[in-house]
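Since this is a predicted model, take the numbers as computed values, not measurements.
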Amino acid sequence: MAEAAAFYILATLILGFGVLVITAKSTVHSVLFLVADFLCVAALYVTLRAPFLAVIQVMVYAGGIVVLYLFVVMLVNLKRPPEAHSDPRRLGRLGVVMAAAVLAQLGAIFAVGWVKPAAVEGTLSPQNVEQIGRALYADYLIPFELASFLLLVAMIGAIILAKREL
Amino acid sequence: MVETVIVPLIMVVTVLAAVLVTVMYIVLLERKVQAWVQVRLGPMRVGPHGTLQPLADVLKLFVKEDITPARADKWVFTAAPIIVLVPALIAFAVIPFASGLTLFGISIPGRIADVNVGLLYIISVAGIGIYGIILGGWSSNSKYPLLASLRSSAQLISYEIAVTMTLVTVIMLSGTLSMVGIVDAQLSKGWWFAFMQPVAFAIYVIGSLAETNRAPFDLPEAEQELVAGFHTEYSGMRFAFFFLAEYANMIVVSAVATTLFLGGWLQPFPNVPALSFLGLVPGWAWFMLKTFGFLYLFLWVRATFPRYRYDQLMRLGWKWLIPLAILNVVVTGLVKVLV
Amino acid sequence: MQTDTPRPMFDTDELVINMGPQHPSTHGVLRLILRLDGERVLDCNPVIGYLHRGIEKLSEHRDYTQIVLLTDRMDYVAAATNNLGYVETIEKLYGLEVPRRARYIRTVLSELQRVASHLLWLGTHAADLGALTVLLFCLRERELVLDLFEEYCGARLTYNTMRIGGQPVDVPPGWDKKVLAFCDVQDQKLPEYEQLLTGNRIFMERTKGVGVITAADAIAVGLCGPPLRASGVLRDVRKDEPYAAYDEMEFDVPLGVRGDTYDRYLVRLEEFRQSLRIIRQAVEGIPEGPIMGKVPRLIKPPAGETYHAIEAPKGELGYFVVSDGKSVSPYRFRVRPPSFCNLQALPQLVKGHLVADVVTLIGTIDIVLGEVDR
């Protein structure tokens with residue numbers, strides 16, 4: 001009962017903040033609503049008994065990635081660009097068309113069927129740090145290493161682009 | 001009901017009150033310690049030997065005019081001090097102060113919550129605090145605070161990596177992420193982790209000086225540089241929040257150091273029966289002693305050293321501390337596997 | 001067909017910011033207009049004059065004796081040496097003979113003043129870099145020097161302690177013992193400062209290689225005093241053109257090698273020791289005799305002009321006086337202040353460094369705006 005209540009409250013908050021991210025006038029406000037969104041998602045993870053994921057969500061997403069977004073937004077100082085087209089409702093109509101396309105795609109997937117991703121064996125135990133660790137480092141080691149390699153490449157690329165003299 | 005709701009509630013109130021009072025008196029202690037190092041006396045007028053000075057400071061900040069810059073973003077300007085203060089306070093939820101006792105049949109644990117990812121919780125919460133600094137500088141709508149806040153937060157993020165690496169070695173030694181579990185691991189191993197991991201401890205000390213923007217890493221706040229850094233435009237209670245948050249962060253960092261490296265509430269040499277008379281001193285007293293020792297180190301360092309220039313600071317963090325911390329992790333892993 | 005020069009991918013603008021005149025670390029009212037590229041300083045333009053009081057013009061309407069008071073206020077940190085330079089200039093113009101005892105007393109006062117000035121320099125320089133404790137240690141010792149001066153002439157900052165032709169007051173009884181006691185105290189305190197700064201890695205990183213100026217550049221820009229000696233140029237007015245009792249004193253002149261901030265620090269630190277050496281020699285060897293020479297009642301030097309320089313703590317302090325032989329005021333009174341000439345080196349020192357170093361460099365050339373602006 002309490003879980004259901006928590007879920008519905010958190011879901012409303014997540015969706016609400018998501019809408020605010022898109023509709024906020026100032027870009028910095030938009031980013032801040034994104035942070036609030038991520039914090040609510042972390043709370044959702046806690047209700048699903050995955051505290052490790054919740055903490056990692058806050059640490060990596062809210063506390064790392066969005067901070068960098070915030071840096072960029074502040075330094076670039078974006079303002080909403082003026083509407084280039086004469087028809088002011090163009091954006092709205094385009095939005096409706098794209099939303100319809102996405103919904104149609106989702107409907108098609110539901111209708112045809114989809115492949116369930118391979119889940120971690122067994123149920124989620126309270127020792128979920130160990131479980132996740134074992135999954136990452138023993139069962140799915142190669143994808144994990146490839147992902148970190150990708151990050152390394154991105155980092156080196158960013159440094160080369162930004163450095164003045166090498 | 002009593003144990004799950006009322007006891008933690010009372011503990012929360014107690015811990016918050018203790019932290020806020022401690023923060024006020026750390027401010028006084030800093031002024032006194034610095035004064036005594038500099039051959040002068042420090043605050044002496046308010047109360048005997050200046051002991052009521054914090055009350056005067058709080059009162060002053062309370063009644064100061066609240067100035068908001070003209071084109072500052074009002075919501076963010078108001079939110080920034082809160083975003084800095086709240087993480088510093090909620091980090092105390094997982095720190096074990098004592099081994100727990102039983103009063104009138106109710107078991108009162110030595111901590112507010114025993115989360116089994118307690119250490120990660122503290123790290124993640126510290127990451128949220130960075131937002132307050134960035135937003136404080138940006139929302140002041142003024143060049144100097146913005147630059148200072150970006151420098152300050154870049155410094156924090158850089159040193160967070162080195163500090164987190166040292167915490168990894170502690171986790172490797174204790175085998176658990178729970179703060180209570182780490183203290184228990186030190187009890188079972190019989191050694192404080194500071195002795196088993198001296199390099200990690202040293203890196204943690206240096207990194208925590210940088211994390212809390214304290215000397216010698218306080219260039220973003222130095223008056224000679226950018227007036228007062230990211231909180232230039234703040235006055236009155238808002239400034240008080242930033243101030244509170246900085247010292248609360250110092251206490252969090254010291255409490256974490258005490259728990260992870262100095263054995264938390266354990267007495268020195270807990271497994272040596274000959275020294276068991278040290279157990280007469282209660283656990284929370286040992287905890288406070290160690291935390292204050294660590295805090296005194298912070299104050300001592302501030303009074304002694306000149307400050308690093310910003311690029312030298314970043315160079316130290318990225319080129320020296322992070323490689324050293326990673327090397328430490330590798331060596332610890334090897335020793336654990338081979339020995 | 002002309003091809004355009006390729007534009008850089010990201011346009012970076014230069015930033016012009018203003019440092020001062022009110023700034024916690026400009027050591028007075030100095031305004032610097034810095035042109036920055038990001039954090040690097042491309043150029044710096046000092047704007048001075050905020051402390052101009054017209055001392056040179058005022059002097060044209062004062063007696064030669066009254067001008068001693070005005071000279072105090074130029075380098076107010078080291079007032080006795082200002083007095084000394086001026087009275088010696090007028091004595092040179094007159095051709096007056098100053099008694100030996102007066103010359104010895106002047107030497108003691110001058111060297112005590114050098115110690116006091118360097119103490120203030122060290123304190124503020126270290127405080128700029130963040131070592132706040134050194135500031136208070138240095139001020140504590142400076143209080144001892146100021147107490148000595150107060151006992152001698154009654155004032156702590158602006159002394160008015162020399163007259164044309166000699167000294168107005170003689171040494172109080174027991175003063176020489178107090179001066180020697182101070183020298184012993186200072187000898188013990190110098191290792192304390194060294195312990196906190198000289199070997200400290202953070203201090204070294206902040207000062208080594210910062211603000212390097214070669215010997216040739218230093219001479220070309222007109223640098224003088226410890227900054228010049230730190231670049232390796234052996235020029236000390238006390239040795240080259242001895243005045244007061246310096247020709248009878250034995251002392252060394254410390255020289256630097258690289259001409260960076262660390263060398264300037266070491267040079268001034270060694271000058272402490274040499275000053276204490278001179279003070280001891282002067283106090284122990286002070287001869288008996290009159291303290292005032294044969295000076296006419298009304299000081300009207302014969303027509304002519306003269307330039308006389310002394311080694312003030314900040315550098316070569318020179319006075320150029322033109323007398324028309326008829327009036328009791330000089331026709332023209334011009335000061336060559338060391339801080340003004342050293343300040344000219346600042347744009348060159350600062351080029352290519354970071355904003356944080358500008359503060360260090362202002363401290364290392366040791367300027368006093370009272371002297372720069374007069």
Side-chain angles (χ1 to χ4, degrees), chain A residues 2 20 24-43 45-46 49-78 124-133 137 148 151 155 159 162, chain B residues 72-77 79-80 83 86-87 90-91 94 113-141 143 145-147 149-154 156-158 160-161 164 167-168 171-172 175-178 181 230 318:
Chain A
L20 283 171
K25 289 226 170 38
S26 146
T27 326
V28 172
H29 287 180
S30 193
V31 172
L32 291 180
F33 286 130
L34 191 64
V35 176
D37 210 37
F38 285 158
L39 291 178
C40 295
V41 171
Y45 280 134
V46 172
R49 298 202 179 40
F52 180 67
L53 273 182
V55 186
I56 291 293
Q57 166 86 359
V58 174
M59 211 165 89
V60 172
Y61 257 118
I65 295 179
V66 184
V67 169
L68 294 176
Y69 281 11
L70 200 57
F71 268 29
V72 170
V73 162
M74 279 178 184
L75 289 173
V76 170
N77 196 21
L78 291 167
L124 203 56
S125 81
Q127 310 289 341
N128 50 20
V129 182
E130 287 85 341
Q131 259 188 314
I132 296 178
Y137 281 96
S148 48
L151 286 173
M155 219 162 63
I159 294 176
Chain B
D73 187 327
K74 280 209 178 41
W75 284 103
V76 180
F77 192 75
I83 299 179
V86 169
I90 63 178
V94 294
D114 182 14
V115 184
N116 62 354
V117 287
L119 193 53
L120 280 186
Y121 166 78
I122 295 184
I123 301 175
S124 60
V125 142
I128 299 293
I130 296 182
Y131 278 103
I133 297 179
I134 304 176
L135 295 172
W138 176 81
S139 65
S140 306
N141 199 25
K143 218 186 321 181
L146 177 63
L147 285 177
S149 75
L150 290 176
R151 292 218 289 198
S152 194
S153 45
L156 260 78
I157 296 177
S158 314
E160 214 172 280
I161 303 177
T164 313
L167 300 182
V168 165
I171 299 170
M172 286 164 86
T176 168
L177 278 171
S178 144
F230 60 89
W318 285 96

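Of the residues considered (A/A54, A/A62, A/G63, A/A42), A/A62 shows the highest number of contacts with chain B, using heavy-atom pairs under 4.5 Å. Between chain A and the residues B/V115, B/I134, B/I128, the largest count of heavy-atom pairs under 4.5 Å involves B/I134. For the options B/I123, B/L120, B/L177, heavy-atom pairs under 4.5 Å to chain A are most numerous at B/L120. When the candidates A/V60, A/V67, A/I56, A/L70 are compared by the number of heavy-atom contacts under 4.5 Å with chain B, A/V67 comes out ahead.
Two residues are said to be in side-chain contact when any heavy atoms from C-beta on lie closer than 4.5 Å; B/V76 and A/H29 meet this criterion. Under the 4.5 Å side-chain criterion, counting only non-hydrogen atoms from C-beta, B/V125 is not in contact with A/V58.
Residues B/W138 and B/S149 bring no donor and acceptor atom of their side chains to less than 3.5 Å of each other.
When all heavy atoms of B/S139 and B/G136 are compared, the closest pair comes out as OG-O, 3.5 Å.
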